[in-house]
Every structure is written in C-alpha cells, then in structure tokens.
Amino acid sequence: MPTAVLTDRERTAVQAYLRLLHTVRAAFDGASGPGRPPVVPPSVLAEAEQALADAGLTGHEEEFFHLLRTWCPD
C-alpha cells in the first residue's frame, strides 16, 4: 500500500475532520429526546472548516478524502 506523507496543514485538516466526525457520531449516539435533535458545537465545525481552508482543501473534496483514506484507512 502506498504511503502518503501529509503536510502539517493536511494532517491538521484530517485530524479536525475526524474530531468533527467523532463529535457527530457521539451526538447521534447520545441521549437525545423527542424534539431535541443532536447538536454539533459550532466551534467543532468551525475548526474543521478552518483547517480545510488552511490546507487549501476547500472545494477539493476528492483530494481531501483521498488523503483521509490514505492516512486513516479504517
């Protein structure tokens, strides 16, 4: 399997995305009652958005998800 060497900004973007993904999963797995949908804190979403922008990956979803699959195949 080829190994990709991520830049610091790409690694930060992948890590922020994974934190966002885990936060969303936790919100959906958590106790949410009727009329109380799970909420992702705006700061978590903002962190992921900023990290993607800093890495130059905004609008390049295919490239980003390739990096994500390469760095974190599970």
Side-chain angles (χ1 to χ4, degrees):
M1 175 189 314
T3 303
V5 178
L6 277 62
T7 66
D8 288 341
R9 288 184 176 189
E10 289 170 337
R11 186 177 305 105
T12 299
V14 169
Q15 291 170 336
Y17 175 80
L18 290 173
R19 277 192 293 279
L20 174 61
L21 182 63
H22 292 295
T23 300
V24 170
R25 284 183 179 161
F28 279 109
D29 289 344
S32 60
R36 187 174 166 222
V39 175
V40 176
S43 61
V44 174
L45 185 55
E47 176 194 21
E49 294 269 342
Q50 187 62 51
L52 288 170
D54 290 347
L57 295 168
T58 302
H60 301 280
E61 289 82 5
E62 185 176 333
E63 181 181 344
F64 172 71
F65 284 113
H66 172 73
L67 290 172
L68 183 63
R69 283 190 304 274
T70 302
W71 192 67
C72 185
D74 291 336

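Computed from heavy atoms alone, side chains included, the values below leave out hydrogens, waters and symmetry copies. Quick caveat: nothing in here was measured; it's all calculated off a predicted structure.
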Student: Hey, could you give me the CG/CD distance between Leu52 and Glu10, rounded to the nearest 0.5 Å?
Tutor: 11.0 Å
Student: Should the heavy atoms of other residues, nucleotides or ligands under 6.0 Å from CZ of Arg11 be counted, would the total exceed 12?
Tutor: yes
Student: Taking all non-hydrogen atoms of both residues into account, name the closest pair between Ala16 and Ala48 and its distance.
Tutor: CB-CA, 3.8 Å
Student: Can you tell me how far the OG1 atom of Thr12 sits from the CD atom of Gln50, to the nearest 0.5 Å?
Tutor: 11.5 Å
